[in-house]
Amino acid sequence: MGLLTATFCYCIASALIPLLNAEAYVGAVAATFTGHSIWLVAAAAAGGQMVGKVAFFLIGRNSMEWRWVRKKTESPKWRDAFLTWQRRIGDRPWLAAVVLLVSAALGFPPFAVVSVLAGQLRVSITLFVVVGFVGRLLRFASLLGIIKALL
């Protein structure tokens, strides 16, 4: 249980502090753990990551009210582009889900950036958490499985 708690906590920190690499930590865990399912360790890592990414999501959701952000985004060109994306995502939640899943699983575009944008574009927090968790779970389970297979 200690390994799962440590993984969860480290992955919260890594979601908030880019210098802490969750993949490197999970890779080290894969090289040393015994007695735990790959899926349990991956779920602990994914859960921790999502706790941290929800913070980015909420920052994104509130950032459009900040004066310096409004000043940077008040040009008609920027506003039109933003509204276009907001309509695309709002009318097609499956598109938001695909972008979130790809970003969470593959890291491209970076999930921290996508988390902020999802908040700004008013993606449902439930969709964000569920799809983000699945993507991160797949990412970490794949990493754990590959490393265990190589050892």
Side-chain angles (χ1 to χ4, degrees), residues 1-66 69 72-73 81-151:
M1 191 63 157
L3 174 70
L4 297 177
T5 303
T7 299
F8 180 79
C9 292
Y10 184 89
C11 286
I12 291 172
S14 73
L16 298 171
I17 304 166
L19 293 176
L20 301 177
N21 188 298
E23 289 79 3
Y25 177 86
V26 169
V29 166
T32 61
F33 82 89
T34 57
H36 291 291
S37 160
I38 285 174
W39 290 102
L40 279 177
V41 177
Q49 280 275 294
M50 289 312 297
V51 168
K53 297 307 180 192
V54 164
F56 280 109
F57 177 90
L58 295 173
I59 288 169
R61 181 154 286 175
N62 295 316
S63 68
M64 299 307 282
E65 304 301 320
W66 301 343
V69 171
K72 295 268 186 195
T73 60
F82 182 78
L83 290 174
T84 298
W85 275 102
Q86 203 167 35
R87 277 191 303 277
R88 284 180 185 160
I89 296 297
D91 292 345
R92 298 177 194 97
W94 61 267
L95 178 60
V98 168
V99 171
L100 287 168
L101 185 64
V102 168
S103 178
L106 302 179
F108 185 81
F111 194 48
V113 173
V114 170
S115 299
V116 173
L117 291 173
Q120 289 176 332
L121 293 171
R122 301 290 182 203
V123 170
S124 154
I125 193 164
T126 303
L127 178 73
F128 173 75
V129 170
V130 170
V131 174
F133 179 82
V134 169
R136 286 287 148 165
L137 180 67
L138 294 172
R139 179 182 184 88
F140 292 125
S142 298
L143 178 63
L144 285 161
I146 289 167
I147 291 173
K148 284 308 250 184
L150 292 174
L151 296 178

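Throughout, residue positions are numbered sequentially from 1 according to the sequence presented.
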Which heavy atom of [X] sits nearest a heavy atom of [Y], and at what distance?
X: A105; Y: R139; answer: O-NH1, 3.1 Å
X: L16; Y: G52; answer: CD2-O, 3.5 Å
X: V26; Y: C11; answer: CG2-SG, 4.5 Å
X: V123; Y: R61; answer: O-NH2, 2.7 Å
X: I147; Y: G27; answer: CD1-CA, 3.4 Å
X: G132; Y: A104; answer: O-CB, 3.7 Å

Inter-residue atom distance [X].[atom1] - [Y].[atom2], 0.5 Å rounding:
X: F8; Y: L3; atom1: CZ; atom2: CG; result: 14.0 Å
X: K53; Y: I12; atom1: NZ; atom2: CD1; result: 12.0 Å
X: F128; Y: L121; atom1: CZ; atom2: CG; result: 12.0 Å
X: R136; Y: L101; atom1: CZ; atom2: CG; result: 11.0 Å
X: Q49; Y: F111; atom1: CD; atom2: CZ; result: 8.0 Å
X: L137; Y: I38; atom1: CG; atom2: CD1; result: 11.5 Å

### Task
Could you tell me whether a side-chain N or O of S115 sits under 3.5 Å from a main-chain N or O of F57, the two making a donor and an acceptor?
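Side chain of S115 to backbone of F57: no pair is present.
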### Task
Please name the residue in the list V116, L117, V114 that meets the side-chain contact (heavy atoms from CB on, under 4.5 Å) test with F56.
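Filter result, single survivor: V116.
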### Query
Do Y25 and V29 pass the side chain to side chain contact (heavy atoms under 4.5 Å, CB included) test, and can you show the C-alpha distance, the side-chain angles, and the key distance before you say yes or no?
CA-CA 6 Å; Y25 177 86; V29 166; 3.4 Å; yes
